[in-house]
Amino acid sequence: MQLATWNVNSLKIRLPQVLDWLTTHPEVTALCLQETKMDDPVFPREAIEAAGFRVAFAGQKTYNGVAIIARDELDEVIVNIPGFPDEQKRVISATIAGVRVVCAYIPNGQALDSDKYQYKLAWLDALSTWLAGEQLRFARLALLGDYNIAPEDRDAHAKWSDPLLVSPPERAAFQRLLDQGFSDVFRQFEQAEKSFSWWDYRGFSFKKNAGLRIDHILATSELASRCRSCVIDVEPRRHERPSDHTPVIASFE
DNA sequence: ATGGCAAAGTAGCTTTGA
């Protein structure tokens, strides 16, 4: 089975690209989406189901919003982080083909002196704490999404000068997930240098490959040991009207 | 030092993203 994640930066704009991509990637069992930017009553459930998929979603107007599109049944769907009250729709989880899939849109943080940065760190703390319990319930669990963290220096292009997304506290929050048993499956395999999953729309960043690797697939050891590949699919970033993020796909035995 | 691009909400522009 394959699990994938893609920050689509508006599902309203990107729905045709998402359905096309799923058609050309028939082995993808579940695709996690972030930044759907649509309220639940206007979510294109019918179009997705008519194309032969199941879908679970939690959205809001303008910002955030997450969804999981799957070829198999989605069981035990829950929204957000239990015990962490949050108006923003940033997490949706479901069990698909025996794997607990957690789809997350981790806060951006905006700037180190912003309240949004404090929210990001508090949010990450709540995520780790909650997942520690989920890891006990689900041996095979994957956390897929837009983390808004470039974990290491090699995950950011050389000219990235903003401290955001690379600051020590953000990286420590990512490391905490690794320390509690998750594996960054992308790094289990040989990868090209300068592998990124996001490129700014401005300044020909994609053409110059001036990007960041901020979209990740973390897996519990039980699942990570079954991982056979993890790739960033840059092709959608070349499309007309692309998302600024591109999909990441992991294959499991 | 600043804006640069895209999307949304809403109707000329601001806010947010990363």
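Letters go in sequence order (proteins before strands), and every chain restarts at 1.
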Protein-nucleotide distance (A:Y105, atom OH; B:dA7, atom C1'), rounded to Å:
12 Å
Give a yes or no on whether the backbone of A:R154 and the side-chain of A:E193 come within a donor-acceptor separation of less than 3.5 Å.
no
Rounded to whole angstrom, note down the P distance from B:dA8 over to B:dA18.
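Each nucleotide's P atom is 14 Å from the other's.
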To the nearest angstrom, how far is A:L165 atom CG from B:dT16 atom C1'?
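Taking atom C1' of B:dT16 as the reference, CG of A:L165 is at 14 Å.
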For A:Q110 and B:dA18, is the shortest distance between a side-chain N/O and OP1 or OP2 below 4.0 Å?
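Result: no.
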If you check the A:K61 side chain, which of B:dA8, B:dG9, B:dA18 turns out closest?
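Looking only at side-chain atoms, A:K61 lies closest to B:dG9.
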Answer with base, sugar-phosphate or nothing: what part of the nucleic acid does A:Y147 contact at a heavy-atom distance below 4.0 Å?
nothing
Separation of atom CD in A:E35 from atom P in B:dA8, rounded to whole Å:
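Result: 11 Å.
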Length of the CD-C1' vector between A:Q34 and B:dA18, whole Å:
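That distance rounds to 14 Å.
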Using atom NZ of A:K12 as one end and atom P of B:dA6 as the other, report the distance to the nearest whole Å.
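Value for this atom pair: 18 Å.
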Once you round it to whole Å, what is the distance between P of B:dC5 and CZ of A:R237?
13 Å
Write down the distance separating the C1' atoms in B:dG17 and B:dG3, rounded off to the nearest Å.
15 Å
Can you check the A:R90 CZ to B:dT16 P distance for me, whole Å?
12 Å
Starting from the 5' end of DNA chain B, give me the residue, A:L11 or A:D162, whose nearest nucleotide shows up first.
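On the 5' side of the pair lies A:L11.
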Would the number of heavy atoms belonging to other residues, nucleotides or ligands and lying under 6.0 Å from CG of A:D179 be above 12?
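More than 12 within 6.0 Å, yes.
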Can you label the angle between the A:W160 ring and the A:H157 ring as parallel, tilted or perpendicular, going by 30° and 60°?
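Rings of A:W160 and A:H157: perpendicular, as their planes differ by over 60°.
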Say you pick atom P in B:dC13 and the same atom in B:dG4; how far apart are they, in whole Å?
15 Å
Between A:I214 (CD1) and B:dG17 (C1'), how many Å, whole number?
10 Å
B:dA18, OP1 or OP2 - any side-chain N/O from A:N7 closer than 4.0 Å?
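Checking A:N7 against B:dA18: at least one side-chain N or O falls below 4.0 Å of OP1 or OP2.
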Categorize A:D39 for me: base, sugar-phosphate, or nothing, with a 4.0 angstrom heavy-atom threshold over every strand shown.
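Here A:D39 touches no strand at all.
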May I ask you to say what A:N148 touches in the nucleic acid, namely base, sugar-phosphate or nothing, with a heavy-atom cut-off under 4.0 Å?
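Sugar-phosphate, backbone atoms only, no base.
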Between B:dA7, B:dA18, B:dC5, which one does the side chain of A:R202 approach most closely?
B:dC5
Check whether any side-chain nitrogen or oxygen of A:K37 sits under 4.0 Å from OP1 or OP2 of B:dA6, and answer yes or no.
no
Taking B:dA18, B:dA8, B:dT15 as options, the one with an atom nearest any side-chain atom of A:T62 is B:dA8
In terms of the nearest nucleotide of DNA chain B, which residue is placed more toward the 5' end: A:S10 or A:W198?
A:S10
Would you say the base of B:dA18 and the side-chain of A:N108 have a donor-acceptor pair closer than 3.5 Å?
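Yes, a donor-acceptor pair under 3.5 Å.
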Scanning both residues in full, the closest heavy-atom pair of A:C103 with A:A67 reads SG-O, 3.6 Å
Can you tell me if A:D155 uses its side chain to pair, donor with acceptor, with the backbone of A:I214 under 3.5 Å?
no
Heavy atoms under 4.0 Å, any strand shown: does A:K116 hit a base, just sugar-phosphate, or nothing?
sugar-phosphate
Whether A:Y117 contacts B:dA18 is assessed here as follows: a side-chain N or O lying under 4.0 Å from the phosphate OP1 or OP2. Is that the case?
no
Rounded distance in Å between the C1' positions of B:dA7 and B:dA11:
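Their C1' atoms lie roughly 16 Å apart.
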Going by the angle between their ring planes, with limits at 30° and 60°, are A:F57 and A:F43 parallel, tilted or perpendicular?
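Parallel, since the angle between the ring planes stays under 30°.
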